[in-house]
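Starting from 1, each residue takes its place in the sequence as its number. Just the heavy atoms: all of them, side chains too, but no hydrogens, waters or symmetry mates, feed the values below.
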Amino acid sequence: MFISKPFIKNTLFTYISQFLAVLLGILIVKIMALYLTSENLGIYLLSRRLVLLFIPLITLNLAMGLSWFGSKRDFSRLYFNKIVFTYVLIGIGFFIFILIFDNASLSQTIYNNNEYEYIINPIFFFAFASGLQVLTVGYLRGSRQYNLMNLSNILYRTSSIVVLLLIIFLKIGTELLTEYFYYGAWLIIIYNIIVLYKDPNKMTNKIVKKQNLKQIFEYSLFRIPSGIFYGLLFFLPIYLTSKWFSLIDATHIGIIITVANTAAMIGVPFNLLFLPSFSHLHDIGTNDQVLERINIIIKFIFQVVFFIGPLIYLFSQEIIIMWFGQNYVNTIIYLQLMSPFVGPFIGYIMIRGIIDGLSFYPYSNIITLFSLISLIVLTFILKIFINNPISIALSFSIGLFILFGISLYTIKRIINISIFTKSNLTSLIFLVIIFILTFFTLSINTSFVYKLMIKFIVSLIMMSSLFYYYYQTKASWIMYSDIIKE
């Protein structure tokens, strides 16, 4: 048995919730692109990356510990309550620090301009609220309350849309970004309280064991560096572009990072389920069960996930124009450059959940550190030869690939999986051929409508041929009759 029906059900519902969250996220950026200048859109994208960079710091990465320990028998809501109390105390200390610090200096450091000091306090308040959201999802994920977890994720995006539309149509305030972060933070806090009230496990007779609480904190604290390194991997490209070139150029880099993270949502449902599932399996299962599951997941990444890259490359023009508008057509070349690396990035998202579930040791620190160092070194080297934002886009893309490569190496060290099998190598050959075909398809000189029709036909033929091949060769991930057995 590889995957049970409850797992398929949870995966399906998680995918639906993530799909809705992605649509809402796309809508948020689309509205921002319509109502903000290119420079202010760059401020928004940079601010969002800053929020995500600070969350592991202010939450002490305890969401990871909750997800990992939540599947254990001794776990209860009381552990989460104590962690939230700790988080609130940290948040109070953090706010005091921000209030006494010079916001103009922070604005100059972050945005290369002290005129944006008015946005500093709302951003950090939004970061605090988002941290509470992350802790809530971590708790629900660990205790395997996937319906509430999915509801919380949808509400996170929905609250942002509601706030944004109210600000625009009711004309609340004078600064869109300031009001968005401030009121958005309050709405996030309110709906998290409601979600936690709905938790059926809020009343419990279990006691909190100090040893268990210590394990949660150790597991989380040891992984704080990985959260910072990972956040910097997405923050630095935008930040360095704004420093070396301009905020408009930083917007282009921010857009491809947004596309990469949106595509990564394909792997997020697996990541959300894999950490508690593999943690539980590690406690009750055997190495053979773990090995069988991981080998099928690796094949799925090579034989399916990697082929998302050619689709992004093929429809890069449509993605940029429909999502961000004609003003950002210069971003298309950056997106095409990044597209081959999107598949491996999604693969990393999936594999990380397995690694964190199987091992107490924080391998993620090493994985993200190597990727960050590669990004920084490549950025400075390539800038010597390519003194434009292309150098940063290329460095960022390679950094995504390194995340996947080191993750594969790490999981092979934990458990002896098969990576370069005949079927996986065949998939890589197919991948190269398909990228070549998409390149020639884009070079066809015809009208936009006819070219779009050709793209759809080519993509349909490629994906159908690929699916038919894997079906004929009985790829393990495609044999649903064998997978969904009780």
Next item on the list: Ignoring hydrogens and angles, state whether a donor on the side chain of S226 or R352 is under 3.5 Å from an acceptor on the partner side chain.
Entry: yes
Check: Hey, does the Lys NZ or Arg CZ of K383 hover above the aromatic six-ring of W244, less than 6.0 Å from the centre and inside 45° of the axis?
Finding: yes
Note to self: Return the OH to OG1 distance between Y363 and T410, rounded to the nearest 0.5 Å.
What the structure shows: 7.5 Å
Notebook entry, point to check: Would you say the side chain of Y180 lies within less than 4.5 Å of the side chain of Y44, judging by non-hydrogen atoms?
Noted result: yes
Item checked: Whether over 12 other heavy atoms sit under 6.0 Å from F229 CZ -> yes
Margin query: Would you compute the distance between atom CG of L221 and atom CG of L62 and round it to the nearest 0.5 angstrom?
Written below: 6.5 Å
Item checked: Centroid-centroid distance, F234 to Y230, less than 6.0 Å -> yes
Notebook entry, point to check: Considering residues, nucleotides and ligands other than F370, do more than 12 of their heavy atoms fall under 6.0 Å from its CZ?
Noted result: no
Item checked: Student check: side-chain heavy atoms of L176 and I168 closer than 4.5 Å -> yes
Checklist line | Set of residues satisfying side-chain hydrogen bond (donor to acceptor under 3.5 Å, both in side chains) with respect to Y191, sequence neighbours excluded | finding: Q133
Note to self: Tell me the closest heavy-atom pair linking S47 and I123, and the distance in Å.
What the structure shows: OG-CD1, 3.3 Å
Margin query: Does either side chain, that of N192 or that of T136, offer a donor lying less than 3.5 Å from an acceptor on the other one?
Written below: yes
Notebook entry, point to check: With distance as the sole criterion, is a donor-acceptor pair present between the side chains of Y156 and S130 under 3.5 Å?
Noted result: yes
Notebook entry, point to check: Do the side chains of D356 and S364 get nearer than 4.5 Å, heavy atoms only?
Noted result: yes
Note to self: Please report the interatomic distance CD(E179) to CG(L166), rounded to the nearest 0.5 Å.
What the structure shows: 12.0 Å
Next item on the list: State whether the side chain of R223 and the backbone N or O of Y219 hold a donor-acceptor pair below 3.5 Å, judged by distance alone.
Entry: yes
Check: Would the number of heavy atoms belonging to other residues, nucleotides or ligands and lying under 6.0 Å from OH of Y118 be above 12?
Finding: yes
Checklist line | Sub-4.5 Å side-chain heavy-atom contact between E318 and K455 | finding: yes
Item checked: N261: partners by side-chain hydrogen bond (donor to acceptor under 3.5 Å, both in side chains), with sequence neighbours left out -> none
Check: Which pair of heavy atoms, one from S371 and one from G399, lies closest together, and at what distance?
Finding: OG-O, 2.7 Å
